[in-house]
Amino acid sequence: PSLEMADDEDLDSNPFFHALRTKFHRLYESAQLTKDVVICIPTASCAAAVPKITKDLLEAHIFRPSPFFAGKFVSDTKPETQISLEAGSSVVKCDSGFKYGGESEVLFQETFYNKKSQPFRVVCIDRVLTMKPPENSGRRRSSVLRPRTTVQEEEIFLANRAGIDGMHAVDREIGVFLDGYLIVQGYDAEVEKKLADMYEQLMVALEDAGVDLSDERVDAAVDEAVCCYVCKRCFPKILPVLQRLSETSMAQWRVALSKCRHASVTMEALGIRPELRADFSSVIRIISKLPSFTTPIEVQWWTKELIAAVSSAVDDHVARKRLKPQAISTEDLLPLLAFAFIEAEALTLPRYLLYTERFATDRMRSEPEFSYRFTTLSAAVETVLAHAEPLPRPPDSPPRHSPARSGHARPLSGSPRASRLGSRDWTPSSPPSWRAASASAGSHGAVSSPSRGGGSVRQPHEFGTFNSAHSGQQMSSLTPRGSTASASPSREGAREPNPKTIRADATATPEDMGDFLSKLALGL
């Protein structure tokens, strides 16, 4: 089906927006002083019906949030003039104060920030609010440009674009995966590749079914909707894979949260400025939604909502304490998010970070907003890990993670490998990061180590790696970014290894060595 879209709309060349920023720049600057202001900009095609763009005309299109009702906005110059613009809605409703009422279609909207880093929106609409609307006003549904904020909206959008034949192709591919694809433990990375191939096949199938993907914006929107639709239906089958891939990082994260909560970590301890120490009850409520998600795009929406909630909580705190307005920098945001994760006990966060990065489409991962949100969450997680590193371990904290054992492995005594294990010089690689760990897992899937019967035990890469100076092999590391763990167990506070546990000429299983070397690196 064809889509009617505002292909020629560009704010930089829009005569209304150009006049506001140049000739009436003082009006533009004063409008930004109120947080969450909405500036309605008619399309460039509306300029032909306007004799002259005046200050009064532009003022009639600037609205501040209503102090009483969410989704309602009031004119700065005429309080009786009000509009409605609900979150995620594609329609501006003229509620009162207009000579001509009705609705106006939102073609697109962009978020800007003032000098205080407070957001305001510029909304492109299909009519001039002070003039009689054209007959086709409100009928052009540019749903591709309208932001979708729920899984249901994504599904409706996909169904509308794909049609019956397209949806049959999508459901057929999903059915093959659910009923005919066997997931073998130890080859979990293959599932990621399978879903990536499925995304590509479905986009081709939709094109074959008649969906026009020639417009880049349509292609991006359909790509996102396909990912959402597929992941929601495949999540029960993907979940065990996520649990195995994130086992090590989840264990480390649980220990870090347990340490921080046992030590009653405060905002002050995290280095948060006094003027930013707000009540985070609303932020914690948003974090509690995380375990209910089944798609990567939901985590993206959640991250956007979370960052906005942090900013709103700080703004409310500043207003209540009558402090000077504060701009939240990245250095401020990371410890604020870290504190919120500790207070909310966001136990599943590492798993959803892995899900977002590994199972989103390539196109989604290439988007700047995706990268910013993922990087922000990852950095906040590492802030918690780094802060928890020197804290004492509480007595009731979860046990340390160690590779799962299946029976007793065959002794390796007499083998060249066993005789060298005690003298290997393991040196840490570059500081680990979530992306590096995931990239490593994506390319290799797991680390193979000899096991009973000549097979291999595959362990997922998590949080970085240690490199062997002798063989170039890699093993999982529990060392967070910025830690100063040493390969030597002789530093203050560390325990010497038990002679019964490991000797250069002793018999030992690979699992024993994995446990010992991980503890050795952490100085335990």
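Just so it is clear, the model here is predicted, and its values are computed rather than measured.
You'll find the side chain of His61 stays beyond 4.5 Å of the side chain of Ile41, heavy atoms only. Using a 4.5 Å cut-off on side-chain heavy atoms (C-beta onward), Phe374 and Leu353 make contact. Ser117 has its side chain out of reach of Ile328: every pair of non-hydrogen atoms, C-beta onward, lies at least 4.5 Å apart. A heavy-atom distance below 4.5 Å is not found between the side chains of Leu270 and Val384. Under the 4.5 Å side-chain criterion, counting only non-hydrogen atoms from C-beta, Met203 is in contact with Val226. In this structure the side chain of Phe16 reaches within 4.5 angstrom of the side chain of Val50, judged on heavy atoms. At least one side-chain heavy atom of Cys40 sits less than 4.5 Å from a side-chain heavy atom of Val38. Counting only heavy atoms from C-beta outward, the side chains of Ile307 and Tyr372 approach each other to under 4.5 Å.
The line from CG of Leu213 to CD of Glu207 is 4.5 Å long, rounded to the nearest 0.5 Å. For the atom pair SG (Cys234) and CG (Leu178), the distance works out to 4.5 Å, reported to the nearest 0.5 Å. To the nearest 0.5 Å, atoms NZ (Lys321) and CG (Asp316) are separated by 13.0 Å. Interatomic distance, Ile238 CD1 to Arg358 CZ, rounded to the nearest 0.5 Å: 12.0 Å. Of the inter-residue distances, the one linking Leu306 atom CG with Leu377 atom CG reads 7.0 Å to the nearest 0.5 angstrom. Distance check, rounded to the nearest 0.5 Å: OG of Ser75 to CZ of Phe63 gives 5.5 Å.
Atom CZ of Arg320 sits in a crowded spot, with more than 12 heavy atoms from other residues, nucleotides or ligands closer than 6.0 Å. Counting non-hydrogen atoms of other residues, nucleotides and ligands closer than 6.0 Å to CD of Glu268 gives a total of 12 or fewer. Surrounding NZ of Lys78 are at most 12 heavy atoms belonging to other residues, nucleotides or ligands under 6.0 Å away. The 12-atom threshold is not exceeded at NZ of Lys93, counting heavy atoms of other residues, nucleotides or ligands nearer than 6.0 Å. Around NE2 of His317, the count of heavy atoms belonging to other residues, nucleotides or ligands within 6.0 Å exceeds 12. Atom CD of Glu369 has 12 or fewer neighbouring heavy atoms from other residues, nucleotides or ligands inside a 6.0 Å radius.
For the 3.5 Å distance criterion, the side chains of Asp315 and Ser312 fail to qualify, holding no donor opposite an acceptor. Looking only at atom types and distance, the side chain of Ser249 has no donor-acceptor partner in the side chain of Gln252 under 3.5 Å away. For the 3.5 Å distance criterion, the side chains of Ser281 and Asp279 qualify, holding a donor opposite an acceptor. Side-chain contact check for Thr43 and Asp126: no donor-acceptor pair (N or O, by modelled atom type) lies under 3.5 Å. If you check the side chains of Lys72 and Ser84, you find a donor sitting under 3.5 Å from an acceptor.
Side-chain N or O atoms of Asp179 include none that pairs as donor or acceptor with a backbone N or O of Val176 at under 3.5 Å. Although no hydrogens or angles enter the test, the distance criterion places a donor-acceptor pair under 3.5 Å between the side chain of Ser30 and the main chain of Arg26. Counting only distance, with no hydrogens or angles, the side chain of Asn114 and the backbone of Gln32 share a donor-acceptor pair below 3.5 Å. At least one donor-acceptor pair closer than 3.5 Å links the side chain of Tyr199 to the backbone N or O of Phe359. A donor-acceptor contact shorter than 3.5 Å is absent between the side chain of Arg273 and the backbone of Asp332. The closest donor-acceptor contact from the side chain of Thr348 to the backbone of Arg351 lies at 3.5 Å or more, if one exists at all. Remark: side-chain polar atoms of Lys237 are paired, donor with acceptor, to backbone N or O of Tyr181 under 3.5 angstrom. The closest donor-acceptor contact from the side chain of Ser311 to the backbone of Ala308 lies at 3.5 Å or more, if one exists at all. In terms of modelled atom types and a separation under 3.5 Å, the side chain of Arg261 and the main chain of Glu343 share a donor-acceptor contact. The main-chain N or O of Thr150 is never found under 3.5 Å from a side-chain atom of Trp301 such that the two would form a donor-acceptor pair.
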Side chain to side chain contact (heavy atoms under 4.5 Å, CB included) assessment of Thr81 paired with Ser96: CA-CA 5 Å; Thr81 304; Ser96 61; over 6 Å; no
Check against side chain to side chain contact (heavy atoms under 4.5 Å, CB included), Phe157 and Tyr229: CA-CA 10 Å; Phe157 167 78; Tyr229 189 86; over 6 Å; no
Residues Glu357, Arg365; criterion salt bridge (Lys or Arg N to Asp or Glu O under 4.0 Å); working and verdict: CA-CA 7 Å; Glu357 184 180 28; Arg365 285 193 288 258; over 6 Å; no
Salt bridge (Lys or Arg N to Asp or Glu O under 4.0 Å) between Glu305 and Lys289, worked out: CA-CA 11 Å; Glu305 183 184 10; Lys289 300 178 185 178; 3.0 Å; yes
Trace of the ring-ring contact (aromatic ring centres under 6.0 Å, His included) decision for Tyr355 with Phe293: CA-CA 11 Å; Tyr355 186 31; Phe293 297 151; over 10 Å; no
Evaluation steps, salt bridge (Lys or Arg N to Asp or Glu O under 4.0 Å), between Lys193 and Asp197: CA-CA 6 Å; Lys193 183 177 182 298; Asp197 292 342; 3.3 Å; yes
Working for side chain to side chain contact (heavy atoms under 4.5 Å, CB included), residues Thr356 and Thr303: CA-CA 11 Å; Thr356 302; Thr303 306; over 6 Å; no
Verdict with reasoning, Leu158 to Met167, per side chain to side chain contact (heavy atoms under 4.5 Å, CB included): CA-CA 8 Å; Leu158 182 62; Met167 292 308 297; 3.9 Å; yes
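Glu275 approaches Val318 most closely through the heavy-atom pair O-CG2, 3.9 Å. Summarising the geometry of Ala340 relative to Phe280, their closest heavy-atom pair is CB-CD2, 3.9 Å, with the distance given to 0.1 Å. Smallest separation of non-hydrogen atoms from Cys228 and Ile297: SG-CG2, 3.7 Å. Between Ile53 and Leu57, the shortest heavy-atom distance links the atoms CA-CD2, 4.1 Å. When all heavy atoms of Tyr352 and Pro291 are compared, the pair lying nearest together is OH-O, 3.1 Å.
Test Ile272, Thr266, Leu336, Val314 against Arg277 for side-chain contact (heavy atoms from CB on, under 4.5 Å) and you get one pass: Ile272. Residue Lys232 is tested with Glu298, Glu154, Glu155 for a salt bridge (charged side-chain N to carboxylate O under 4.0 Å, His left out); the sole match is Glu155.
Because its NZ or CZ atom is not both nearer than 6.0 Å to the ring centre of Phe177 and within 45° of the ring axis, Lys194 does not count as a cation-pi partner of that residue. No cation-pi contact links Arg233 to Phe235, judged by a cut-off of 6.0 Å to the six-membered ring centre and 45° from its axis.
Of the charged side-chain nitrogens involved, at least one lies within less than 4.0 Å of a carboxylate oxygen, so that Arg363 and Asp219 count as a salt-bridged pair.
The aromatic rings of Phe112 and Phe120 sit parallel, their planes meeting at an angle under 30°, below the 60° perpendicular limit.
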